[in-house]
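Every chain is numbered from 1 and lettered A, B, ... according to where its sequence line falls, protein lines coming before strand lines.
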Amino acid sequence: MTRTIERYNPRVEEPRWQKQWDERQSFVVRNDDPRERYYVLEMFPYPSGRIHMGHVRNYTMGDVLARYKRARGMNVLHPMGWDAFGLPAENAAMQNKVPAKDWTYANIATMRKQLKSIGLALDWSREFATCDVEYYEQQQKLFLDFLEAGLVTRKKSKVNWDPVDMTVLANEQVIDGRGWRSGAVVEQRELTQWFLKVSDYSEDLLSALDTLDRWPDKVRTMQRNWIGKSEGLRLLFEVAPNDKTRAASIEVFTTRPDTIFGASFIALSADHPLAAEIAAGNTEVANFIAEAHRHGTAAETLEKLEKLGVPTGIYVKHPVKDGETLPVYVANFVLMDYGTGAIFGCPAHDQRDFEFASRYGLPIIPVVLPPDADPVTFALDGEAYSGPGRIYNSGFLDGLSIEDAKKKIAAYFGSRAVDNRQQGTIEVNYRLRDWGISRQRYWGCPIPVIHCETCGTIPVPKKDLPVKLPDDVTFDKPGNALDHHPTWKHTTCHQCGGPATRETDTMDTFVDSSWYFARFTDPKADDPTVPGVANNWLPVDQYIGGVEHAILHLLYSRFFTRAMHKTGHLGMDEPFKGLFTQGMVVHETYRADGEWISPAEVEISASEAGRTAKRRDTGAPIEIGSIEKMSKSKKNVVDPDEIVATYGADTARWFMLSDSPPERDVQWTEAGIEGASRFLQRVWKIVQECKFLA
RNA sequence: GCGGGCGUGAUGGAAUGGUAGACAUACGGGACUUAAAAUCCCGAGGGUGUAGACCCGUGUGGGUUCGAGUCCCACCGCCCGCACCA
């Protein structure tokens, strides 16, 4: 008897199975399925044009989990959608004269086909794109509900302005003083903006991190730092009589009120109102402020600035040393947008204050004695001491621990008054700010409000939603194409019937991705969610994505879940029970004559002597460079389509999962994918032999 | 500076405190072939030895333990995030 065992041919087998899954709707999930539920979600893609290997890795991980849970008899929700608003569509519209909408949906069609060829167990019946009118209409409803619930404010504020993208950026989107997308140096501008009141939840967002025990510590720590809680004392210093200002007091924020006996100066931010007032009659101060502004944001990219300041000529009374005064400076290292924009300097126990005091000859008075140090001989060794110890040189605080001294001095100042106010108030400060969501862009969710000359700025009634984006926009002028549209913004006021204009700002695209996981639970519903359904599925049991979203997307989503809870759309506060941050896909880089070379053009030969590379066509030598994240700019990308065509999706998936632990970077190599391919062939052969024997 | 993580063959990496290096890649040798590819088999951490075997090996130095890659302490190096936050 003869038999032949054929080689596994993914080009036949994979499409056959994928067709069956499609026809039988194998992965379509029903909300009324009584089995135990499991929700696995990977961060949805931006439809940039084509999927990349990072997508393959991300979605394969989720897929394995989804299939495993399904095999264990669970009802598994594993959906897919598109984070489809954003600037690249507008850029494409400008450069290629393709409407942003067409460009986006064409990309989605391509990428959907690619994802299907990967063989993912996805419920495609729930697919949506955030630029679908049906989706952003629901988002507009959410905005109105948030507005009604007091979670939205409109205020004039200094904003980060990206001069290249011509739009506002959230603090989270400014990296080293540059726009996260354009890389342009960010400017400060004063604009009226819509804000979501994330700061209402500062404490809750912080403390609830402790409950997220299936999140990586790294991400929790990053969020903790970002929220930036500090407990301290808001403290008034009484201004000594002078002719330079009528201000009676200066308010500072400090986390170290226990060191008040070591205070030797007050420093104001260059943006402090009092500094501006003094500058009006003091050219030295005015020049210093101008200089500080000139450095401003741009200098943040340079190495640490020297601690510089200028005396204002004003003095304040020392709050605990009768008859003594402290000089008031304007200093370049004091930030206006944290605390009160003013500090008291205790040089002995704060490194910045130490440098400042050393430069300007101000007293350095140690008031914290390190354990085992001698109070008589202890001296600072060229830098501030910020470690543990006991208070000394401090009158009625002497001998106390730092913690006890903080309590005692807070009580002391709490019982005194300056400028007709309580001198010291315990205060908790957060670094977290409200989220400015206004963007001066066309391709985003319109903010559903109108500006009426008579009635003011008022929300569009829900019955008039959606506020639809026009399709016929042009990009011949810089700035917001919506604003330039000839008719779109002109409307009538629903209250008074008079003329009104629409808000032309659209929402930050991070809004779109802050609740999509909830929409997947019932993507066709007439409301943002059907709470009975959403609460059954959420929170997401396992969320998988890149660590680059550790702050922005994940923090905003946590806020949104709380806000949707408050407005009755959801019944929980945390969206993601488990979070997994997968590593990147990296690849060697290749260079010749200063140009990056694509791996497809490179032939590698290896021997005991090592690996060498040459051009596949000409045979010219190529330098093997460092291993980097796959990126178009370095050309070290491998196209998933080609891999699937050559080796099949399962080989690509197997390699992605087997070569490196999922949380670490995986290095894509030709040899690795070959090995994975051979491995699968062997497995297939064994399976065939078992079938034959059976 | 603060925080998180990592350090094991040529390489990616395995190892509930119990035979370190699974599996894979690369490399070398062999079988098959006119030849190559594919496939299959063998070798392989380093050192000494004809061999049986022995010694040394998980960044460095200590410690706990019958036993440490794993736990504890100190240090060195690398990666990532945040950072003039008072």
Peer 1: Any side-chain N or O of T221(A) under 4.0 Å from OP1/OP2 of rC82(B)?
Peer 2: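 No, T221(A) has no side-chain N/O under 4.0 Å of OP1/OP2 on rC82(B).
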Peer 1: Looking across every strand, which nucleic acid part, if any, lies under 4.0 Å from R682(A) by heavy atom: base, sugar-phosphate, or nothing?
Peer 2: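 The residue R682(A) makes sugar-phosphate contact but no base contact.
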Peer 1: Grab the OH-C1' distance between Y647(A) and rU25(B) for me, whole Å please.
Peer 2: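 Distance, rounded to whole Å: 13 Å.
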Peer 1: Rounded off to whole Å, could you give me the CG-to-C1' distance for the D659(A) and rU11(B) pair?
Peer 2: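 Value for this atom pair: 10 Å.
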Peer 1: Please measure how far the C1' atom in rG45(B) lies from the corresponding atom in rU11(B), and state the result in whole Å.
Peer 2: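 Rounded to whole Å, the distance is 14 Å.
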Peer 1: Any chance CD1 of I426(A) has more than 12 other-residue heavy atoms, nucleotides or ligands included, within less than 6.0 Å?
Peer 2: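 Open: at most 12 neighbouring heavy atoms sit under 6.0 Å from CD1 of I426(A).
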Peer 1: Send over the distance from E588(A) CD to rG12(B) C1', rounded to a whole Å.
Peer 2: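 It is 12 Å, rounded to the nearest whole Å.
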Peer 1: Counting only heavy atoms not in K577(A), do more than 12 fall under 6.0 Å of its NZ?
Peer 2: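 Count not over threshold, so no.
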Peer 1: Given rG81(B), rC82(B), rA86(B), identify the nucleotide with an atom nearest to the side chain of M222(A).
Peer 2: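 Taking heavy atoms from C-beta onward, the closest nucleotide is rG81(B).
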Peer 1: Which nucleotide in the set rC84(B), rA83(B), rG5(B) lies at the smallest distance from any side-chain heavy atom of F333(A)?
Peer 2: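 So the side chain of F333(A) is nearest to rC84(B).
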Peer 1: Using a heavy-atom cut-off of 4.0 Å across all strands, would you classify V219(A) as base, sugar-phosphate, or nothing?
Peer 2: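 V219(A): no heavy atom of the nucleic acid under 4.0 Å.
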Peer 1: How far does CD1 of I409(A) sit from CG of L233(A), to the nearest 0.5 angstrom?
Peer 2: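 It comes to 8.5 Å.
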Peer 1: For Y360(A), I'd like to know if atom OH has over 12 heavy atoms of other residues, nucleotides or ligands within 6.0 Å.
Peer 2: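 Correct, the count exceeds 12.
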Peer 1: Give none if rA74(B) has no partner; otherwise give the nucleotide forming a Watson-Crick or G-U wobble pair with it, both distances under 3.5 Å.
Peer 2: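 Matched rA74(B) with rU60(B) under the 3.5 Å cut-off.
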Peer 1: Over all strands shown, is G228(A) touching base, sugar-phosphate only, or nothing at heavy-atom distances under 4.0 angstrom?
Peer 2: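 G228(A): no heavy atom of the nucleic acid under 4.0 Å.
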Peer 1: For rA24(B), which nucleotide is its Watson-Crick or G-U wobble mate, given both distances must be under 3.5 Å?
Peer 2: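 rA24(B) is paired with rU11(B).
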Peer 1: By nearest nucleotide on RNA chain B, pick out whichever of V666(A) and R678(A) is the more 5' one.
Peer 2: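 Per heavy-atom nearest nucleotide, the more 5' residue is V666(A).
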Peer 1: Hey, does R256(A) reach any base, or is it just sugar-phosphate, or nothing, if we go heavy atoms under 4.0 Å?
Peer 2: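 Since only primed, P, OP1 and OP2 atoms lie under 4.0 Å of R256(A), the category is sugar-phosphate.
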Peer 1: With syn defined as a glycosidic angle within 90° of 0 and anti as the rest, where does rG12(B) land?
Peer 2: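 Anti conformation here, the glycosidic angle of rG12(B) being more than 90° from 0.
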Peer 1: Could you check how far CD of Q582(A) sits from P of rC80(B), rounded to whole Å?
Peer 2: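 Between P of rC80(B) and CD of Q582(A): 17 Å.
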Peer 1: Measure from the side chain of I343(A), starting at C-beta and using heavy atoms only, and say which of rG12(B), rA86(B), rA24(B) lies closest.
Peer 2: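 The answer is rA86(B).
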Peer 1: In whole angstrom, give me the gap between the P atoms of rG28(B) and rA37(B).
Peer 2: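 So the two P atoms sit 12 Å from each other.
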Peer 1: Could you say whether A671(A) or G339(A) is positioned toward the 5' end of RNA chain B, judged by the nucleotide with the nearest heavy atom to each?
Peer 2: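 This one resolves to A671(A).
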Peer 1: When you check the phosphate oxygens OP1 and OP2 of rG4(B), does a side-chain N or O of R224(A) lie under 4.0 Å from one of them?
Peer 2: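 No.
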Peer 1: Take atom NZ in K321(A); do more than 12 heavy atoms of anything else shown fall under 6.0 Å from it?
Peer 2: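 Yes, enclosed.
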Peer 1: Check whether any side-chain nitrogen or oxygen of R352(A) sits under 4.0 Å from OP1 or OP2 of rA83(B), and answer yes or no.
Peer 2: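 False: R352(A) side-chain N/O out of range (4.0 Å or more) of rA83(B) OP1/OP2.
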Peer 1: What does P661(A) touch in the nucleic acid at a heavy-atom separation under 4.0 angstrom: a base, only the sugar-phosphate, or nothing?
Peer 2: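 Sugar-phosphate, backbone atoms only, no base.
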Peer 1: Taking any strand in view, what nucleotide pairs with rG1(B) in a Watson-Crick or G-U wobble way, both distances under 3.5 Å?
Peer 2: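 The answer is rC82(B), by the H-bond criterion.
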Peer 1: Name the nucleic acid region contacted by R664(A), choosing base, sugar-phosphate or nothing; use a 4.0 angstrom heavy-atom cut-off, strictly under.
Peer 2: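 Answer is sugar-phosphate: R664(A) comes under 4.0 Å of backbone atoms only.
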Peer 1: Which nucleotide sits closest to the side chain of S660(A): rG13(B), rC80(B), rC85(B)?
Peer 2: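 Of the candidates, rG13(B) comes closest.
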Peer 1: Where the side chain of L335(A) is concerned, which of rA86(B), rG12(B), rG3(B) is the nearest nucleotide?
Peer 2: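 Among the listed nucleotides, the one closest to the side chain of L335(A) is rA86(B).
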Peer 1: For nucleotides rC82(B) and rC66(B), find the distance between their P atoms and express it as a whole number of Å.
Peer 2: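 So the two P atoms sit 47 Å from each other.
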